[in-house]
Amino acid sequence: MKSLLLGSAALALSATFALADTVRLGTEGAYPPYNFINDAGEVDGFERELGDELCKRAELTCEWVTNDWDSIIPNLLSGNYDAIIAGMSITDERKEVVAFTEGYTQPSPSAYAALSEGVDVTSSVVAAQAGTIQAAHVAESGATLVEFPTPDETIAAVNSGETDVVMADKDFLAPIVESSDLVFLGDVYLGGGIGMAFRQSDDEMRGKFNAAIASMKEDGSLNDMLEKWEIEGQF
Amino acid sequence: MRAIPRQKTRPAIFSYCSDPAILEGFQWLSCYLTTGKHMGFYLSFGTVLLLLAITAPLALAFGFFGASAARSRIAPLAIFGKGYIAIVRGVPDIAFFLFFVIALDQGIEWLRHKVKCSDWDEPIRQGNDFVVCQIAKMPLNDSPQWVHEAYGFSLAVLTFAIVFGAFAANVLFGAMRAVPRAQIETAEAYGMSPRQSFWRVLVPQMWVYALPGLSNLWMVLIKATPLLFLLGVEDIVYWARELGGSKTERFTDFPHGDWRMWYFLALLIFYLAFTKVSELVLARISRRLSKGQATLAGEAQRKEPGTAAEATT
């Protein structure tokens, strides 16, 4: 540890000037197709491709880091990374603590899925990931909400019968429903699309990414990417 | 937080792994178990073992100083030692890990900020944000990912050492009191100073009383490593959950259902084996420490035929 501290101190001294060009992007790595860890153990998915392209357009060097969903906002605020790009929907509640870029997806449908049709989603037991707009929606709908720390566990819960229904982004559920016994029960539109989140004091960098997102919307490359990863809604 | 290597493809270990969809049985499994992701899983066992190897002696050192401080005759030192034991033991681990680490990290950055950027005129706290100048970041934003990881790991080691050190301090404090008073009195009668009787009589004898408590702590520490992920260090439980979760074929070459049970079974075997090894080692240490001690175990050893001569040498 001592040599480590000395090492970083030396780095700090030698790199006083050429700075601020590395942006650390925080993601969850457990929410396909937006972000997931591929077989090689790297972050992959729609947001990986999008983030790399945005960094290229903004002429920034980007470094990907994964972080637990639960502590993803606190770690942004304390400066462990500079932006969140983790399928985070733009909501008024989150706007109070972080600043969002414009959305890079349309307000996307969330969906309920269960093992059989005809389950009443307003009176049954519904699984959702903690701290998501879906969890907030379920809590208000009158159903019994059971929260899980990862999206994966919500699927496991409904498959094992621990809960009757799972609620998540439809784009996340679609490939799972396709390849398992789950069926869709219905869609709800929640949130204002997905955006990158920055510290509120970081307007300059947020501006750069906003410009890059706008330019991708203009030349249609964002639409191509959305289509490639089968995410609903185009610009 | 973990490094994501830049290269997109990584050569497979076995040549037949290029198209896993057509593989079956053992070949499929051998490819599946050697993906980059699984390498991360295997590596995390090393991370956990390394953490234990560094944390255990460090926590013991914290414990020793805590206990020595708590029984000191200098009042502020005694208050400090007792306060450390009481406060850290009383705070839930998870709160400690969430709060203390962020506070420690911010404290280090604040100090660096004060030293390096004294002409900075913006506030450090802006609403919810904690903002220091770029060169005060710890580690620097553009330092390689391994520096970030090593830093996170060091914070983890320090936090573990402080938490477990408090428990160890309480164990050692009790152990120091358990050494028979007659032993110290004898030392005093021989004209030893308090310092001498502490180091030459009390400390060598206390370990045998401390061992049961310390071995408990060691067992708890082994199993506390999932707290690492709160600090951004990916441990074996994180990987077991990530790898075991069901995978659809769109996002992986190796689709499978919910296999978490198998991964957790592997962890169970690992932990049980590790516990067994620990028990064997602790039993040896306990035997070694009891040698020549005025305890029941020491007495029993003395009476055992064949060992009596050894005990007196």
Side-chain angles (χ1 to χ4, degrees), chain A residues 1 4-5 7-8 11-12 15-16 18-24 26 29-30 32-33 36-45 48 61 63-68 70-71 74-75 77-82 96-98 150-153 155-156 159-160 175-176 178-180 199-202 230, chain B residues 1-5 7-10 35-40 54 98 102 105-106 109 112 116 122 126-132 134-143 145 147-148 150-151 154 157-158 229-230 232 234 238 241-242 244-246 248-255 257-258 260:
Chain A
M1 175 155 175
L4 174 87
L5 286 178
S8 31
L11 264 176
T16 314
L19 273 172
D21 286 326
T22 307
V23 179
R24 291 163 57 78
F36 59 95
I37 310 291
N38 66 13
D39 288 335
E42 299 155 7
V43 171
D44 204 337
R48 170 73 201 248
T61 318
E63 181 110 41
W64 289 88
V65 287
T66 49
N67 197 87
D68 208 17
D70 273 347
S71 58
N75 272 320
L77 297 183
S78 74
N80 289 347
Y81 36 80
D82 305 304
E96 284 170 16
V97 269
V98 294
T150 64
D152 234 25
E153 283 163 292
I155 304 294
N159 275 325
S160 67
I176 296 165
E178 211 172 285
S179 62
S180 72
R199 286 182 289 275
Q200 284 169 341
S201 53
D202 229 358
E230 295 177 24
Chain B
M1 287 157 283
R2 195 172 47 85
I4 290 91
Q7 85 247 32
K8 263 287 170 196
T9 49
R10 187 184 141 274
T35 55
K37 219 175 178 178
H38 276 83
M39 292 303 162
I54 302 176
L98 279 177
I102 288 182
D105 182 36
Q106 293 190 351
E109 288 189 349
R112 281 167 58 93
K116 287 172 184 286
E122 288 172 57
Q126 301 181 13
N128 295 305
D129 304 357
F130 177 80
V131 185
V132 293
Q134 282 290 331
I135 50 168
K137 287 255 184 179
M138 186 76 193
L140 289 170
N141 241 16
D142 60 349
S143 33
Q145 180 63 20
V147 177
H148 285 269
Y151 178 67
S154 318
V157 166
L158 188 62
F229 192 51
L230 288 178
E234 274 146 2
Y238 162 81
R241 224 173 42 184
E242 163 64 32
S246 52
T248 49
E249 62 244 31
R250 246 182 78 197
F251 306 116
T252 172
D253 291 334
F254 304 93
D258 190 351
R260 281 182 303 171

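Convention: sequence-line order gives letters A, B, ...; per-chain numbering from 1.
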| message | Between A:Pro33 and chain B, with a heavy-atom cut-off of 4.5 Å, which part of the residue counts as in contact: side chain, backbone, both or neither? | response |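 Both the backbone and the side chain of A:Pro33 come within 4.5 Å of chain B.
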
| Considering only heavy atoms, which portion of A:Glu153 lies under 4.5 Å from any heavy atom of chain B: side chain, backbone, both, or neither? |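 For A:Glu153, the contact with chain B is made by backbone and side chain together.
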
| Residues A:Glu63, B:His148; criterion side chain to side chain contact (heavy atoms under 4.5 Å, CB included); working and verdict | CA-CA 11 Å; A:Glu63 181 110 41; B:His148 285 269; over 6 Å; no

Mind ranking [options] by heavy-atom pairs under 4.5 Å with chain B and telling me who comes out on top?
options: A:Ser160, A:Ser71, A:Gly45, A:Ala156; value: A:Ala156
options: A:Ser179, A:Gly79, A:Pro175, A:Ser180; value: A:Pro175
options: A:Asp82, A:Thr150, A:Ile176; value: A:Asp82

| message | For B:Arg241, which atoms come within 4.5 Å of any heavy atom of chain A: side chain, backbone, both, or neither? | response |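 For B:Arg241, backbone and side chain are both near chain A.
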
| query | Heavy-atom distance under 4.5 Å to chain A: side chain of B:Asp258, backbone, both or neither? | reply |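 Looking at B:Asp258, just its side chain touches chain A.
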
| said: Any heavy-atom pair between the side chains of A:Asn80 and B:Asp105 that's under 4.5 Å? | reply: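 Yes; the side chains approach each other to less than 4.5 Å.
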
| field | Value rounded to 0.5 Å, distance of OG1 in A:Thr66 from CD in B:Glu234 | value |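 These two atoms lie 4.0 Å from each other.
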
| query | Out of curiosity, B:Thr252 OG1 to A:Asp44 CG, how far, rounded to the nearest 0.5 Å? | reply |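 So the OG1 of B:Thr252 and the CG of A:Asp44 are separated by 10.5 Å.
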
| field | Nearest heavy atoms of A:Ala30 and B:Glu242, plus distance in Å | value |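 Shortest heavy-atom separation between A:Ala30 and B:Glu242 comes out as CB-OE1, 4.4 Å.
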
| field | Which atom of B:Ile102 lies closest to which atom of A:Ser78, heavy atoms considered | value |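 Residues B:Ile102 and A:Ser78, closest heavy atoms: CG2-CB, 4.3 Å.
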
| message | Keeping B:Asp253 on the side-chain end and A:Asp39 on the backbone end, is there a donor-acceptor pair under 3.5 Å? | response |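 Pair absent, no side-chain N/O of B:Asp253 close to backbone of A:Asp39.
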
| Quick one: do A:Glu230 and B:Arg250 make a salt bridge, cutoff under 4.0 Å? |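 Between B:Arg250 and A:Glu230 there is a salt bridge, with a charged N closer than 4.0 Å to a carboxylate O.
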
